[in-house]
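All remarks here apply to the structure that follows.
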Amino acid sequence: MMDWSRWFRHTFATRSAVRRAFPPEMLGRIEAAVDASERLHAGEIRVAVEGGLEPGEVARGKSPRERALEVFAALGVWDTEANNGVLIYVLLADRDVEIVADRGFNGRVSAAQWAAVCEDMQRDFRAGRYAEGVVAGVGEVGRIIGAHYPQRPGQRDEDELPNRPALL
């Protein structure tokens, strides 16, 4: 059975709603947080924000997780040399956060660890603190990455993925 309230939220989640929640100065803060985090570890973090799904996708019951997996592939987060890219995907219409980590984290980081970061971010979102939630989430993801892919002393990894959030 179709969830009509979800369908309406997604149908009216416009690009302007994304720009209101994430104006240019907030995108700059998030980009700076990704850059600062990546100075402390050898992994890659990519942030993507989407207002809502297409109405047909909502009608078919596409979950935020399914969409996050598509975005992970489309943005090439899987294509890092050490297979240590992490996508933080935000779906505004559902106020949902999904973290998709590349295979380099298999057996190293539990789903519960990633879920805890998502829950903290969603708590900030419910209070209308989108940028703060994403910046804190980037910091926590960076700490998790650093535990498994620490930065080599005296070196800085080359950016393999853009640090600027992708607005979808």
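Sequential numbering from 1 along the given sequence is applied to the chain's residues.
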Legend entry - Nearest heavy-atom neighbours spanning Ala68 and Glu98: CB-CB, 3.7 Å
Inset, instruction - Decide if atom CD of Glu81 counts as having more than 12 heavy atoms of other residues, nucleotides or ligands within a radius under 6.0 Å. - result: no
Inset, instruction - May I ask you to decide if Leu168's main-chain N or O and Arg15's side chain share a donor-acceptor pair within less than 3.5 Å? - result: yes
Inset, instruction - Decide yes or no for Asp96 and Gln122: does some side-chain heavy atom of the first lie under 4.5 Å from some side-chain heavy atom of the second? - result: yes
Legend entry - Heavy-atom side-chain contact between Ile99 and Val86 under 4.5 Å: yes
Inset, instruction - Kindly check if the number of other-residue, nucleotide or ligand heavy atoms within 6.0 Å of CD (Glu66) is above 12? - result: yes
Inset, instruction - For residues Gly52 and Ala93, report the shortest heavy-atom separation together with the two atoms involved. - result: CA-CB, 4.1 Å
Legend entry - Point-to-point distance, once rounded to the nearest 0.5 Å, from CG of Leu91 to NZ of Lys62: 10.5 Å
Inset, instruction - Grab the two heavy atoms, one from Gly133 and one from Asp124, that are nearest each other, plus how far apart they are. - result: CA-OD2, 3.2 Å
Inset, instruction - Identify whether the distance between the nearest side-chain nitrogen and carboxylate oxygen of Glu50 and Arg67 falls below 4.0 Å. - result: yes
Inset, instruction - May I ask you to decide if Phe125's main-chain N or O and Arg129's side chain share a donor-acceptor pair within less than 3.5 Å? - result: no
Legend entry - Ser37 and Asp35: side chain donor to acceptor below 3.5 Å: no
Inset, instruction - May I ask whether Tyr149 and Val138 are part of the same hydrophobic cluster, defined by side-chain heavy atoms of I, L, V, M, F, W, Y residues being less than 4.5 angstrom apart, directly or through others? - result: yes
Legend entry - Validation row: Arg60, Leu53 side chains within 4.5 angstrom (heavy atoms): no
Inset, instruction - Would you give the length of the straight line joining atom CD1 of Ile145 to atom CD of Glu44, rounded to the nearest 0.5 angstrom? - result: 8.5 Å
Legend entry - Value rounded to 0.5 Å, distance of OG in Ser110 from CD in Gln113: 4.0 Å
Inset, instruction - Using the side chain to side chain contact (heavy atoms under 4.5 Å, CB included) rule, take Leu167 and Leu27 through it: C-alpha gap first, then chi angles, then the decisive distance, then the call. - result: CA-CA 10 Å; Leu167 299 182; Leu27 294 175; 3.7 Å; yes
Inset, instruction - Applying side chain to side chain contact (heavy atoms under 4.5 Å, CB included), run through Thr11 and Trp7 and close with a yes or a no. - result: CA-CA 6 Å; Thr11 299; Trp7 187 86; 3.5 Å; yes
Inset, instruction - Check Pro150 against Ala42 and note the closest heavy-atom contact, atom names and distance. - result: O-CB, 3.8 Å
Legend entry - Side-chain donor/acceptor of Glu57 to backbone N/O of Glu54, under 3.5 Å: yes
Inset, instruction - Check the hydrophobic clustering (I, L, V, M, F, W, Y; side-chain heavy atoms under 4.5 Å; chains of links allowed) and say if Trp78 and Val100 are grouped together. - result: yes
Legend entry - Any Trp114 side-chain heavy atom under 4.5 Å of Val109 side chain: yes
Legend entry - Side-chain heavy atoms of Pro165 within contact of Phe22, under 4.5 Å: no
Legend entry - Spacing of Ile30 atom CD1 and Ile45 atom CD1 [to the nearest 0.5 Å]: 12.0 Å
Legend entry - Side-chain heavy-atom pair Glu38, Asn163 within 4.5 angstrom cut-off: yes
Legend entry - Side-chain (Arg46) to main-chain (Val77) donor-acceptor, under 3.5 angstrom: no
Legend entry - Heavy-atom pair of closest approach, residues Ala131 and Arg29: CB-NH1, 4.0 Å
Inset, instruction - Look at the aromatic rings of Phe12 and Phe8 and report parallel, tilted or perpendicular, splitting at 30° and 60°. - result: parallel
Legend entry - Check: Arg95/Tyr130 side-chain N/O donor and acceptor closer than 3.5 Å: yes
Legend entry - Joint cluster assignment, Leu69 & Leu87, ILVMFWY side-chain distance < 4.5 Å: yes
Inset, instruction - Could you pull out the closest heavy-atom pair between Leu161 and Gly76, with the gap in Å? - result: CD2-O, 3.7 Å
Inset, instruction - Using distance alone, with no hydrogens and no angle criterion, decide if Asn84 and His41 have a side-chain donor and acceptor under 3.5 Å apart. - result: no
Inset, instruction - Determine, using ring centers only, whether Phe72 and Tyr89 are less than 6.0 Å apart. - result: no
Inset, instruction - Flag the pair Met121 / Ile88 as yes when at least one side-chain heavy-atom distance between them is below 4.5 Å, and no otherwise. - result: yes
Inset, instruction - Answer whether the closest heavy-atom distance between the side chains of Leu40 and Gln151 falls below 4.5 Å. - result: no
Inset, instruction - State the CZ-CG distance between Arg6 and Asp94, to the nearest 0.5 angstrom. - result: 4.5 Å
